[in-house]
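These notes concern the structure reproduced below.
Keep in mind it's a predicted model, so treat the numbers as computed, not measured. Residue indices begin at 1 and follow the sequence shown.
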Amino acid sequence: MIHEGKSNSILVSGESGAGKTETTKMLMRYLAYLGGRAATEGRTVEQQVLESNPVLEAFGNAKTVRNNNSSRFGKFVEIQFDKQGRISGAAVRTYLLERSRVCQISDPERNYHCFYLLCAAPQEEVEKYKLGNPKNFHYLNKSNCYELVGVSDAHEYLATRRAMDIVGISTQEQDAIFRVVAAILHIGNIEFAKGKEVDSSVLKDDKSKFHLDTAAELLMCDPGALTDALCKRVMVTPEEVIKRSLDPYSATISRDGLAKTIYSRLFDWLVDKINSSIGQDANSKCLIGVLDIYGFESFKSNSFEQFCINYTNEKLQQHFNQHVFKMEQEEYTKEQIDWSYIEFVDNQDVLDLIEKKPGGVIALLDEACMFPKSTHETFAQKLYQTFQKNKRFVKPKLSRTDFAISHYAGEVMYQSDQFLDKNKDYVVAEHQELLSASRCSFISGLFPPLPEETSKTSKFASIGARFKLQLTSLMETLNSTEPHYIRCVKPNNVLKPAIFENVNVMQQLRCGGVLEAIRISCAGYPTRRTFYEFLHRFGILAPDALEGNCEEKVACKRILEKKGLLGFQIGKTKVFLRAGQMAELDARRTEVLSVAAKIIQGKMRTHIMRKKFVSLRKASVCFQAVWRGTLACKLYDRMRKQSASVKIQKNQRRHQARRSYKLLNASVLVVQTALRAMAARNEFRYKKRSKAAVTIQARYRCHRAQSYHKKLKGAAIVAQCRWRGRIARKELKKLKMEARETGALKQAKDKLEKTVEELTWRVQLEKRMRTDLEEAKTQELSKLQSSMDALQAKLDETNAVLAKEREAAKKAIVEAPPVVKETEVLVQDTEKVASLEAEVDELKTSLQSEKQRADQLEKKHSEEAQANEEKQKKLEETEVKIRQFQDYLRRLEEKLSNVESENKVLRQQAVSMAPSKILSGRSKSNLQRNTESGHVSVSDSKITPVDSTIVASPKKEYDIDDKPQKSLNEKQQENQDLLIRCIAQHLGFAGNRPVAACIIYKCLLHWRSFEVERTSVFDRIIQTIGHAIETQDNNEVLAYWLSNASTLLLLLQRTLKASGSTGMAPQRRRSSSATLFGRMTQSFRGTPQGVNLALINGSMVSGVETLRQVEAKYPALLFKQQLTAYVEKIYGMIRDNLKKEISPLLGLCIQAPRTSRASLMKGSSRSNTNTAAQQALIAHWQGIVKSLGNFLNILKVNNVPPFLVRKVFTQIFSFINVQLFNSLLLRRECCSFSNGEYVKAGLAELEHWCYRATDEYAGSAWDELKHIRQAIGFLVIHQKPKKTLDEISHDLCPVLSIQQLYRISTMYWDDKYGTHSVSPEVISNMRVLMTEDSNNPVSNSFLLDDDSSIPFSVDDISKSMQQIDISDIEPPPLIRENSGFVFLLPPPE
């Protein structure tokens, strides 16, 4: 533009969604950058031009099927430049805004962006305009699409506001604009219903009235006038003015027409405001126009808007054809070069079909709109008649109102239903008057009053005709500029990146004329230059061709021929080149310039570096000399100072060290003297105090032991007396009952007595054997000791004789005479010495032999001592086993006595007796029991001591207990009802004690319900528990009632005893109480009810109620059995619920997923990846661990006894073991190496859970997985062929049977390393063992069975649970204030 001085235009075209709008914005940013000014204060023209895009996009763009930001209007931006090429002004022209989109959209499209931006505005603005979610507005909820992927409407709203500020729209105008947008949304929610009069309409409901008032408030007009403008029409006749009411359908059409008119006027105002704010330069030299107009559109339903859009694209395509094809060939003719005519596709016939007068589609549409009675059907028939022979017009076979036109880009089917309404461009007079009278100047400015002549003469205005004129003006502007074309190609229809649909892209290139243009360019000469331009640019390629005074044409020809180019043409004024030849010439020119530049650069750089090097070398030599001298001086000075400082430091340090040593030596002597003196005094004082303390302790312990012995002796005598009396009475009663007993119990008793006698005989035999063994050992030791003493004496005698002989020899030598008989004496002495030496040697030999014998005896003695120690250990183990067996026998006796007593009670209740007899018997039994018990009443709150119990008056007891027990009165019935209502609630826990169980036990004990023959309170408690656990899936409720039921059962087990339970044989009693401890235990066991024997455990652990024992009647025993059944039932329900929860996960845990297994087989180089894969692998195992943890937390929260918790998880782990092991044996794909590693990782998770759960709750649950653990261990071991059958069956898998090992070995396959299973020899040995064991049906089954039995008894619960203190349990609020439950209140401290 600057060089040629001619205006230019850029035409951006393509399908809808191909990127025309984004391309236009990039072009405008590029032009603004090139033609922009330096940063100045205020808004520049280029900033306003750029920021006009977001404003127009917000109000003119919308989401369509093919594009998320489709321009629903045409836009031509004229950017004006001054002489210096700077932007001096701009103008925006718009074409054919799609007004119908305001009221009508289809799924999944959206309305214009501004509506959604306003709904996403800050909260204060939303409340100001009374807006909300877009789903609440009729104009927006016709489509289910409310948001765009990756786009925030709230951020876009703020960006639009900033763009309006930059463009020049004031804050008041912005508020007015968004007030109009909000009013349009509220107008859309106004609905109409039939009125009382014929063909009249009124507002449908209060919601419509609210939206109408809101719209009137935002538009600042009268609500009544707005209602009349929507529901009525004024008809002016020469005689009078008539007001006509509209039916609901017409009123709805009037409402939509008002909304479309307001939005169209608002958009036109925005365009005018942008143009006036930016400003146009009347003195501009030239301009660059950027055209961004709709792309070719073809939807399922195409209306008047698509017709106009495709008409525009036809005009632009014709302009492209004329510029590219026609002008190209005219250039060839003008230059008189040799070329052949190239044919191209012309779309002039389509344009004639649409715009030709008087027979075009637009002309026929305007003609139909002028006639009031015309419809879309008559319009369609007119088109069929007029264009039935036109090859571009197609009539469909199955529709009477549709028509199709074959455009350059393809055939499009149009629906003519709304062509007539959308082509009419007029404003309803009532709407014009309503909005002209608005109190808002902005809204009244959108609807200025019409001139009188315009209002009087209703001249018809057509949108089609107006659009045709705008398009003609646009074509004139484009023809006056140098056009440039940008073709945007849409790669796919799914709006996703990196996807190219080849057929779709080729169709767009073909329809857009790109392929045709390429074909013509390849056939012609796309590159042309004048002779001067060509020589000026490419003369350096052949300098010799420019020598002399030759013509420019000849010089150009020489250059081309010298470079070997073919196919070029030389015209009259220009050189014409084929495609690619210009690029080749430019490449050669660049190569020549590059070589020359490199030579120049090399020479210049050499000169510069040489000059720099000489100066640097000179400076460095001078600097080095000076610096070396300075360094030498500094080094000498530092060495001299260092030598002097070393001497000074040496002398100073020696002086300080000597001085400090002397001081320290003196101090140490003083400190040592003082410390040693103090230590001596402390030691003396400590020894003195220790001696005194030992004396005092000895005296005190003696006194305490003596006192304790006296007290214990007195208490034992009293307890034995009372207990023996009670046993005597019970023995008498038992002897009476034994006459009616059957022979089975006697046989059982005889059998137990025989067992006791046999065990007693065994114990006595063991004691005799032990005594004999000790006596034999003592005799043996004494014999060995006597032999050792004899040997030692003999050895001493031998040594003495030897010493005497040596002394005699020495004396003989000394006393021998001198020389007279020297030879004879010498011979005799020598013989004597020789004999003595021989005798000494013999003694040494005998001594050595005696030492060896002594060593052997000592060795034998040590062996005998070891054997005695082993026998001693065996004897102690035997005694321990005997004691355990005696305890077990004692427990069996107690159980047998309880069973006998319960059987007696049940048989007695089964005997049909007269009521009077029952009552008399009950009263007698009560009297007898109270007489024997030795205390006044159960409800007495004071504890009676032992001595007072002995001295208690029998007459007083008879006076109290002589009254027969009566049935419950009304007060007791009310108390029972209140108790049932109370325990039906969740009472929680006091510490770790369930409140409900403790309250029930204390009430039953206080009411003496265990001792009555007939009561209903037990049945009601059982029914309450049964109703509470009806919901089997609520584990919280089940755990709560399991805790309460087990605690109550424990209290009953330790309290209730059947009548006659102490009537055992005297022989058994005497045998079990043979020792002092047994007698004391029996005496304590038979202590009366009122005596507090908590001293047995060494401390006051609980009150009277926890230690009382009551002789229970039939209802109490039945209640205990029912409670036991409910404990087992609730336990089974909790266990089965946990099994149901983990069963689906177990099926996923036995085999690893294929993808995860493959990722684990890639090796250990990618540790992070493998770690993530392993975490994903054990997700199912972690699900099981999570379920176990949740169940454990539930049981802990509800204080379920740890014994029951251990039993639950033991059975659950047994269930996991059975399921996993059976699945492993039945599925070959599970018996692989990698799957073994997968299951091993899961088992490690379970082991970690058991560790975290601790042994208190997990117990031996981990041991229940022994089958699957050993099977998985066998799968993951290496070198299986080297393992023998003995190693496998005894070391690796001792629990697994031969059948199970055989099945695992034969099904095993290594999918990770490709190794083999065990050797064929081991397999054959397994087959032999299986054949030998084939007769055993149990061993032939290799699958495991799940044990669903109840793994505990009442005695197990009683032994495992600790004693419970219920004395300080606070009663619930429901019964705390009731006078009948005062006994539940804890005693004051």
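In this structure, the separation between OG on Ser1297 and CE on Met1330 is 8.5 Å, given to the nearest 0.5 Å.
Asn1235 places no side-chain N or O within 3.5 Å of a backbone atom of Cys1231 that could act as its donor or acceptor partner. With hydrogens and angles disregarded, no donor-acceptor distance shorter than 3.5 Å links the side chain of His1006 to the backbone of Lys1002. Although no hydrogens or angles enter the test, the distance criterion places no donor-acceptor pair under 3.5 Å between the side chain of Lys1120 and the main chain of Leu1052. Distance alone, capped at 3.5 Å, places no donor-acceptor pair between the Tyr1040 side chain and the Pro994 backbone. Between the side chain of Asn1198 and the backbone N or O of Ile1194, at least one donor-acceptor pair lies under 3.5 Å. Judged by distance alone, with hydrogens and angles left aside, the side-chain atoms of Arg1135 form no donor-acceptor pair with the main-chain N or O of Lys1207 at under 3.5 Å. In this structure, Asn975 contributes its side chain and Phe1381 its backbone to no donor-acceptor pair below 3.5 Å. When atom types are taken as modelled, the side chain of Ser1214 and the backbone of Thr1210 share no donor-acceptor pair closer than 3.5 angstrom. Asn1137 places no side-chain N or O within donor-acceptor distance of the main-chain N or O of Ile1134, the cut-off being under 3.5 Å. At distances below 3.5 Å, at least one donor-acceptor pair connects side-chain atoms of Ser1317 with backbone N or O atoms of Ser1305.
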ask   = Between Val1127 and Ile1350, does a side-chain contact (heavy atoms from CB on, under 4.5 Å) hold up when you go through it step by step?
value = CA-CA 10 Å; Val1127 170; Ile1350 302 300; over 6 Å; no
task = Apply side chain to side chain donor-acceptor pair (under 3.5 Å) to the pair Ser1353 and Asp1356, showing each step before the final yes or no.
result = CA-CA 5 Å; Ser1353 63; Asp1356 295 335; 3.2 Å; yes
Verdict with reasoning, Leu1285 to Leu1329, per side-chain contact (heavy atoms from CB on, under 4.5 Å) = CA-CA 11 Å; Leu1285 180 58; Leu1329 293 176; 3.6 Å; yes
inquiry  = Let's go through Ser1016 and Gln976 carefully: what are the C-alpha distance in whole Å and the side-chain angles of both, what is the deciding distance for side-chain contact (heavy atoms from CB on, under 4.5 Å) to 0.1 Å, and is it a yes or a no?
reply    = CA-CA 9 Å; Ser1016 62; Gln976 290 183 7; 4.2 Å; yes
task = List the steps, then state whether side chain to side chain donor-acceptor pair (under 3.5 Å) holds for Glu1030 with His1027.
result = CA-CA 5 Å; Glu1030 286 180 352; His1027 289 313; 3.1 Å; yes
task = Evaluate the criterion side-chain contact (heavy atoms from CB on, under 4.5 Å) for residue pair Arg993 and Thr1047; output intermediate values, then yes/no.
result = CA-CA 8 Å; Arg993 301 164 295 177; Thr1047 303; over 6 Å; no
query = Hey, mind stepping through Tyr1131 and Phe1352 against ring-ring contact (aromatic ring centres under 6.0 Å, His included) and telling me if it holds?
reply = CA-CA 10 Å; Tyr1131 171 86; Phe1352 58 86; 5.0 Å; yes
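Within a 6.0 Å sphere centred on NZ of Lys1139, other residues, nucleotides and ligands contribute more than 12 heavy atoms. More than 12 non-hydrogen atoms from other residues, nucleotides or ligands lie less than 6.0 angstrom from NZ of Lys1196. Around the CD atom of Glu1287, the shell of radius 6.0 Å holds more than 12 heavy atoms that belong to other residues, nucleotides or ligands.
Closest non-hydrogen pair, Thr1124 versus Leu1049, comes out as OG1-CD1, 3.4 Å. Annotation for Asn1044 and Ala997: closest pair OD1-N, 3.0 Å, computed over non-hydrogen atoms. Closest approach of Pro1201 to Ser1043, counting heavy atoms only: CD-CA, 4.5 Å. Residues Gly1183 and Leu1145 approach most closely at C-CD1, 3.6 Å, considering heavy atoms.
Looking at heavy atoms from C-beta onward, Leu1384 lies out of side-chain contact with Ile1369 at the 4.5 angstrom threshold. Between Leu1123 and Ile1025 there is a side-chain heavy-atom pair separated by less than 4.5 Å. Two residues are said to be in side-chain contact when any heavy atoms from C-beta on lie closer than 4.5 Å; Glu1370 and Val995 fail this criterion. Side-chain contact between Leu1188 and Phe1213 is present, with at least one heavy-atom pair separated by less than 4.5 Å. At a threshold of 4.5 Å between non-hydrogen side-chain atoms, the residues Phe1209 and Leu1138 count as touching. The closest side-chain heavy-atom distance from Asp977 to Arg981 is below 4.5 Å. Trp1007 is listed as a side-chain neighbour of Phe1383, based on a closest heavy-atom distance under 4.5 Å. A 4.5 Å side-chain heavy-atom check between Leu987 and Cys982 finds at least one atom pair inside the cut-off.
Using cut-offs of 30° and 60° on the angle between ring planes, the pair Trp1181 and Tyr1238 is perpendicular. Ring pair His1278/Phe1233 is tilted by interplanar angle, where 30° to 60° counts as tilted. The aromatic rings of Phe1119 and Phe1018 lie parallel to each other, with less than 30° between the two planes, well short of the 60° mark.
A salt bridge is absent between Asp1255 and Arg1206: the closest approach of a Lys/Arg side-chain nitrogen to an acidic carboxylate oxygen does not fall below 4.0 angstrom.
Counting only N and O atoms by type, the side chains of Ser1187 and Asn1190 include no donor and acceptor under 3.5 Å apart.
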